**Student:** 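There's a structure below that I have some questions on.
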Amino acid sequence: MITVHDRLGRLVRQAQAQGRIPAVSVALHRADRPLWTCTAGGTGNDTPLDPESVFRIGSVTKTFTSVLVMQCRDDGLIDLDDPIGRHLDLPAHGELTVRRLLSHTAGLQREPHGDVWDTLRAPGVAELLADLARVERVLPTGRRYHYSNLGMALLGELAARLRGGTWAEVLADRVLAPLGLTATGPNPGERAATGFLVDAYSDEARPEPPADFGAVAPAAQLWSTAPDMARWAAFLADPAALDPDGRVLAPSTLDEMRWPLTTTDETLWVAGFGLGLILVPQRGRVMHVGHDGAMPGFLAAVYGRRGGDGTAGAMGCAVLGSSGTGTEVFELPHRLLAAAAEHDPAEIEPWRPGPPAPEHLRGVLGRWWGEGFEYVFSWHDGTLRARGADDPAGKPPAVFVPLPDRPDVFRTVSGREVGELLRLTRDERGAVVRMHWATYRFSRHQETFDGYDFRTGS
C-alpha cells in the first residue's frame, strides 16, 4: 500500500534528481499530524544532511521584515500611507510610502547603488542611506509591480529605528523567539549546507562564495531549517493556530497582508503580491501564501495553504535547496501541499445542533431579493450570514455583526460587500419587512428598482 508519505517522498526525490540539486530539505507542518520531513542528497561538507541542516532562505527573509513593519503599524508607530521620510532622514525618495514599498509598487530600483552582485560587498546602513541620492525611481509610483531589495532594506531599517535596536535584534526579540524559531537567524552556524552552482553541461558543482548582505539584510540575509520554515509558513496561513494570543501579529493583520494589491505579471495572472507576501492561487478557491528566496548557491520556497476541501489547519510547507539554479524548488511546495490535502485530507468535523437565532432576528432568516437576484440569509455559528442563492458551494458567505448601539444595523465583516452596512426596517408589529445592504433594497419578493412586485403585479 502506497502511503501519503511515500507519495510526498517520491516528489521530493524526483525534484532533487531532476533539478540536480546537491541537497534538498523539506518539511510539512499541519495542526492535525506530526511534522513530516524529508531530505535528499548531501550537504557538500562534513556535516550530515538531516532536517536540522541549515540553508540560506534568501528573500523569504522579506516576509519577516514585513511582519516587523506591520507590528509597528499595529502599535501605532506608523501608518502604512506615511512617507518613509517621515521616520527616516533620507537624502532622496523619502516621499515613497510604507505601503508602496511593502507591495513593491513604489517604483524604486531593484538593488542599492553600485554593482553589488559583482563585488558581493553590500553597503552598511550609513552608506545605503547616503547613496539614495544616486538611486533611480525606475517607474512612476503605483504604476506596476517592480521588485526591490533596496525598498525592503529601507523598511527593515525603519522597523529597527522605531524599536531602538538593530534589525537582527528586533527580529529575534519580536518574531523568532515568540514563535520558537530557534534555528533561524542571520548567520549560518555549524550545521549549514554548502551552496553550489551546478554546471549546465556536466555534473560539476562548484561552491558559491559566501556573501553577507550588510544593510540589505532585511531583504535576504536569513538562514534556517525546513522545520522552522514550515512552521513559519503555517503561521502566515493560520496565525491563530500558532499564535493564539496574537503576540506576534493579530490574525486580522495577516488577513490584510494576504490581500492582493498587484499582480506580478500583466498577462499571466498566476501570482499576486500583498503586503510583503506572494500569493499563488490554486484550484478550488485555495490560496498558497508565502515567498520564494534565492541567494548564491541556494533557493528556497516557503508557503502556507488556505482554503479548500482537505486543507488542515496550520498547513505549511518549506523546500530548501543548495543549488542556485535548481528551480524545481519553487514548484515543489505547491505540489506537496496539494498532494497532502488530496491524499491525507483533514478530518471532517461532524455537524452538531446549535442554539437558535435570537428572537429579534428570526424574521430575517430565509430568502430575500436584491438587485433582481435571490439571497439566503441564515444564522450559523452565532452570526447572521448571507449567500447568493446560486453561489457555488465553496464561496464564503457574507458575515454580519450588529453595531453596539444600533441592534437593527449590522456591519459586513467578511465576504460580499465587506465593510458595508445592513439595515433592517420593521413594521408597526416589529416584523422585518425590508432591508438595505450597501444601500440596495432587499425585499421578500423580486421587485424592480421602482418597487414593482412580480408576485402581486403592483
Side-chain angles (χ1 to χ4, degrees), residues 3-16 19 21-43 47-61 63-64 175-176 179-185 188-189 191-193 195 222-239 241-243 278 280 288-293 298-306 311-323 326 328-344 346:
T3 69
V4 64
H5 289 168
D6 293 335
R7 295 177 186 273
L8 300 181
R10 183 172 179 82
L11 289 174
V12 172
R13 291 186 291 273
Q14 184 180 56
Q16 188 268 342
I21 306 169
V24 172
S25 183
V26 175
L28 178 68
H29 184 288
R30 49 191 290 177
D32 59 347
R33 302 283 189 272
L35 179 73
W36 179 80
T37 62
C38 182
T39 60
T43 62
T47 62
L49 178 64
D50 61 30
E52 299 309 311
S53 296
V54 174
F55 292 71
R56 195 155 202 176
I57 63 171
S59 288
V60 180
T61 304
T63 61
F64 289 88
V175 178
L176 302 182
L179 289 178
L181 303 178
T182 58
T184 304
R191 299 298 310 277
L222 290 178
W223 296 73
S224 190
T225 63
D228 259 23
M229 286 300 94
R231 182 173 176 82
W232 177 245
F235 168 76
L236 295 177
D238 188 6
L242 277 80
D243 183 25
I278 296 176
V280 184
H288 290 176
V289 54
H291 215 290
D292 301 321
F298 295 96
L299 296 179
V302 176
Y303 284 89
R305 183 177 177 91
R306 290 176 55 79
T311 297
M315 196 167 187
C317 184
V319 178
L320 311 182
S322 65
S323 165
E328 282 77 1
V329 163
F330 294 145
E331 181 59 29
L332 185 55
H334 305 294
R335 297 179 66 190
L336 293 171
L337 287 166
E342 178 183 359
H343 299 292
D344 186 19

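Since the model is a prediction, treat every value here as computed from it, not as a measurement. Starting from 1, each residue takes its place in the sequence as its number.
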**Student:** Over 60° means perpendicular and under 30° means parallel, so tell me whether Phe55 and Phe298 are parallel, tilted or perpendicular.
**Tutor:** perpendicular
**Student:** Please give me the minimum heavy-atom distance between Gly42 and Leu49, naming the atom from each residue.
**Tutor:** N-CD2, 3.9 Å
**Student:** How close do Leu11 and Ala339 get, counting heavy atoms only, and between which atoms?
**Tutor:** CD1-CB, 4.2 Å
**Student:** For Arg231 versus Leu179, what's the shortest heavy-atom pair and its separation?
**Tutor:** NE-O, 2.8 Å
**Student:** What's the separation between atom CG in Leu336 and atom CD in Glu331, rounded to the nearest 0.5 Å?
**Tutor:** 9.5 Å
**Student:** I need the Asp344 CG to Arg7 CZ distance, nearest 0.5 Å.
**Tutor:** 11.0 Å
**Student:** State the CD1-CG distance between Ile57 and Leu299, to the nearest 0.5 angstrom.
**Tutor:** 13.0 Å
**Student:** Search all heavy atoms of Ala300 against all heavy atoms of Leu320 and return the closest pair with its distance.
**Tutor:** CB-CD2, 3.7 Å
**Student:** Does any N or O in the side chain of Ser53 come within less than 3.5 Å of the main-chain N or O of Ala193, such that one atom is a donor and the other an acceptor?
**Tutor:** no
**Student:** In the structure I gave you, are the side-chain heavy atoms of Val54 and Thr184 within less than 4.5 Å of one another anywhere?
**Tutor:** no
**Student:** Quick one: pull up OG in Ser323 and CD in Glu328 and give me the separation to the nearest 0.5 Å.
**Tutor:** 9.0 Å
**Student:** Do NZ/NE/NH1/NH2 and the carboxylate oxygens of Arg191 and Asp50 come within less than 4.0 Å?
**Tutor:** yes
**Student:** Tell me which one of Met229, Met315, His288 satisfies side-chain contact (heavy atoms from CB on, under 4.5 Å) with Tyr303.
**Tutor:** His288
**Student:** Just wondering, do Val60 and Leu222 contact through their side chains at under 4.5 Å, heavy atoms?
**Tutor:** no
**Student:** Over all heavy atoms of both residues, which pair between Ile21 and Ala15 is shortest? Give the atoms and the distance, please.
**Tutor:** CD1-O, 4.0 Å
**Student:** Which pair of non-hydrogen atoms, one from Ala314 and one from Leu242, has the smallest distance, and what is that distance?
**Tutor:** CB-CD1, 3.4 Å
**Student:** Look up atom OG1 in Thr37 and atom CD in Glu52, then write down how far apart they are to the nearest 0.5 Å.
**Tutor:** 8.5 Å
**Student:** More than 12 foreign heavy atoms under 6.0 Å from CZ of Arg10: is that the case here?
**Tutor:** no
**Student:** Just verifying a value: how many Å separate Leu332 CG and Leu337 CG, rounded to the nearest 0.5 Å?
**Tutor:** 9.5 Å
**Student:** Give me the ring orientation class for Phe64 and Trp232: parallel if the planes are under 30° apart, tilted from 30 to 60°, perpendicular past 60°.
**Tutor:** parallel
